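Taking it in order: structure first as structure tokens, then the write-up.
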Amino acid sequence: MTKLRRGFKAEAERISACVRRDLELEEWDPICPWELAKLLEFNVVDLSEFEDRLPDQVAMMRSCTGPKGFSALTLFPDGDNPLIILNDGHGLPRQAADLAHELAHGLLLHSPENFGHGGRGKVDKICEAEASWLGPTLLVPGEAALRIARQKTGLRTAARSYRVSEKLMEMRLQVTGARRRARS
């Protein structure tokens with residue numbers, strides 16, 4: 001497990017609060033990563049849009065399932081806005097998490113070469129760890145986790161409200177200490 005730099009988790013919460021303000025949301029409101037992509041001027045295209053032109057490649061990308069399967073990819077066309085290709089064969093909670101992860105790279109100003117999209121396939125573990133932390137923070141910020149815990153909202157209901165998986169919601173409740181903080 002790659003260690004995050006000191007203060008990064010607090011920075012991720014501040015970034016999440018900032019993008020919510022830009023989207024005119026409260027700190028605890030659910031966020032739509034597709035709306036965030038528009039705000040950041042990232043174009044999002046579903047993998048299925050390539051099926052007619054590249055049927056074999058799309059089929060191959062869809063055949064790999066599970067955590068190691070194709071989820072999303074950010075491309076940086078010359079002179080154009082970044083383009084995220086999102087595997088729309090996954091459920092919406094997974095798509096939201098994958099999109100938030102890719103947007104996290106953009107918000108953190110990671111160089112494309114450092115998250116595997118520079119043509120060399122080299123992935124900077126620190127950049128990936130940061131995006132893996134910020135992505136879920138964008139979807140369920142600490143203020144939201146605390147509110148969920150204080151209101152004693154069930155895991156399934158909370159996950160549905162935030163359009164995330166129960167696993168992601170549980171992880172955010174744990175890492176923020178929301179349940180413990182709600183009891184005190």
Side-chain angles (χ1 to χ4, degrees), residues 1-40 42 44 65-69 71-72 74 84 86-110 114-115 123-184:
M1 181 176 187
T2 304
K3 187 173 179 170
L4 295 167
R5 64 184 153 79
R6 182 172 172 78
F8 179 77
K9 293 175 183 179
E11 179 184 337
E13 292 291 344
R14 287 190 298 274
I15 292 169
S16 178
C18 183
V19 298
R20 277 180 167 67
R21 280 191 301 277
D22 289 345
L23 290 167
E24 299 180 3
L25 298 171
E26 297 293 337
E27 268 189 86
W28 55 82
D29 284 340
I31 195 170
C32 174
W34 286 266
E35 289 298 318
L36 179 56
K38 286 179 192 171
L39 177 73
L40 298 175
F42 275 62
V44 180
T65 58
K68 298 291 183 191
S71 298
T74 303
I84 297 174
L86 189 62
N87 187 347
D88 55 327
H90 292 148
L92 284 176
R94 169 97 184 254
Q95 288 181 54
D98 294 337
L99 181 53
H101 178 94
E102 293 298 313
L103 293 171
H105 282 298
L107 286 164
L108 294 166
L109 304 176
H110 289 162
N114 290 336
F115 59 105
V123 176
D124 182 300
K125 290 180 181 179
I126 293 170
C127 288
E128 278 305 305
E130 289 178 350
S132 293
W133 187 269
L134 178 56
T137 304
L138 292 169
L139 295 171
V140 184
E143 285 298 316
L146 184 57
R147 190 178 181 106
I148 289 163
R150 283 186 176 146
Q151 294 175 347
K152 296 183 169 104
T153 306
L155 185 63
R156 178 175 285 161
T157 301
R160 283 187 187 148
S161 294
Y162 283 81
R163 297 179 295 278
V164 299
S165 69
E166 290 179 31
K167 182 178 178 183
L168 188 146
M169 180 60 72
E170 179 63 36
M171 181 269 292
R172 290 297 298 157
L173 289 166
Q174 290 293 325
V175 300
T176 60
R179 289 185 182 115
R180 176 187 42 77
R181 291 168 49 210
R183 286 191 298 267
S184 53

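Just so it is clear, the structure is predicted and the values come from calculations on it, not from any experiment. In this chain, numbering begins with 1 at the start of the sequence shown. Note: hydrogens, waters and symmetry copies are ignored here, and every other heavy atom, side chains too, is used.
The nearest pair of heavy atoms linking R14 to G7 is NH2-O, 4.4 Å. When all heavy atoms are compared, the tightest approach of A100 to P33 is N-CB, 4.4 Å. Here the closest non-hydrogen pair linking E27 and A17 is OE1-CB, 3.7 Å. Residue A158 comes nearest to T153 through the heavy atom pair N-CG2, 3.8 Å, listed as atom of the first residue, atom of the second, then distance. Across every non-hydrogen atom of L86 and A72, the tightest pair is CD1-CB, 3.9 Å. Scanning both residues, T2 and A129, for their nearest heavy atoms gives CB-CB, 3.9 Å.
By the 4.5 Å heavy-atom criterion applied to side chains, Y162 and L168 are not counted as neighbours. Counting heavy atoms from C-beta on, the side chains of I126 and F8 never come closer than 4.5 Å. Side-chain contact between E128 and H101: present, with at least one pair of heavy atoms (C-beta onward) separated by less than 4.5 Å. The shortest distance between side-chain heavy atoms of R94 and S165 does not fall below 4.5 Å. Within the 4.5 Å cutoff, the side chain of I15 has heavy atoms near those of the L108 side chain.
Remark: D22 pairs with no residue by the side chain to side chain donor-acceptor pair (under 3.5 Å) rule, at least two apart or across chains. Evaluation of the salt bridge (charged side-chain N to carboxylate O under 4.0 Å, His left out) rule for E143 yields no partner, not counting sequence neighbours. For Q174, the side chain to side chain donor-acceptor pair (under 3.5 Å) test picks out E170, with sequence neighbours left out. Taking the side chain to side chain donor-acceptor pair (under 3.5 Å) definition, one finds that R20 meets it with S16, sequence neighbours left out. R6 pairs by the salt bridge (charged side-chain N to carboxylate O under 4.0 Å, His left out) definition with nothing, not counting sequence neighbours. For R156, the side chain to side chain donor-acceptor pair (under 3.5 Å) test picks out E166, with sequence neighbours left out.
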* Verify side chain to side chain contact (heavy atoms under 4.5 Å, CB included) between N87 and D98, making sure each step is shown before the conclusion. => CA-CA 9 Å; N87 187 347; D98 294 337; 5.8 Å; no
* To do: Check the pair L173 / L155 against side chain to side chain contact (heavy atoms under 4.5 Å, CB included), numbers first and verdict last.
  => CA-CA 9 Å; L173 289 166; L155 185 63; 4.0 Å; yes
* Asked: Could you go step by step and tell me if E35 and K38 meet the salt bridge (Lys or Arg N to Asp or Glu O under 4.0 Å) rule?
  -> CA-CA 5 Å; E35 289 298 318; K38 286 179 192 171; 3.5 Å; yes
* Going through the checks in order, is the side chain to side chain contact (heavy atoms under 4.5 Å, CB included) test met by M169 and I148? -> CA-CA 10 Å; M169 180 60 72; I148 289 163; 3.7 Å; yes
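More than 12 heavy atoms of other residues, nucleotides or ligands shown are found within 6.0 angstrom of CG on L4.
Taking OG1 from T176 and NZ from K9, the interatomic distance works out to 11.0 Å, rounded to the nearest 0.5 Å. In this structure, the separation between CZ on R163 and CD on Q95 is 13.0 Å, given to the nearest 0.5 Å. To the nearest 0.5 Å, atom SG of residue C18 and atom CG of residue L138 are 11.0 Å apart. One distance of note links CG of L99 with CZ of F42; it measures 9.5 Å at 0.5 Å rounding. For the atom pair NE2 of H105 and OG1 of T74, the computed distance is 7.0 Å after rounding to the nearest 0.5 Å. Between T157 atom OG1 and Q151 atom CD the span is 11.5 Å, to the nearest 0.5 Å.
Here E130 pairs with R5 in a salt bridge; the nearest charged N to carboxylate O distance falls below 4.0 Å.
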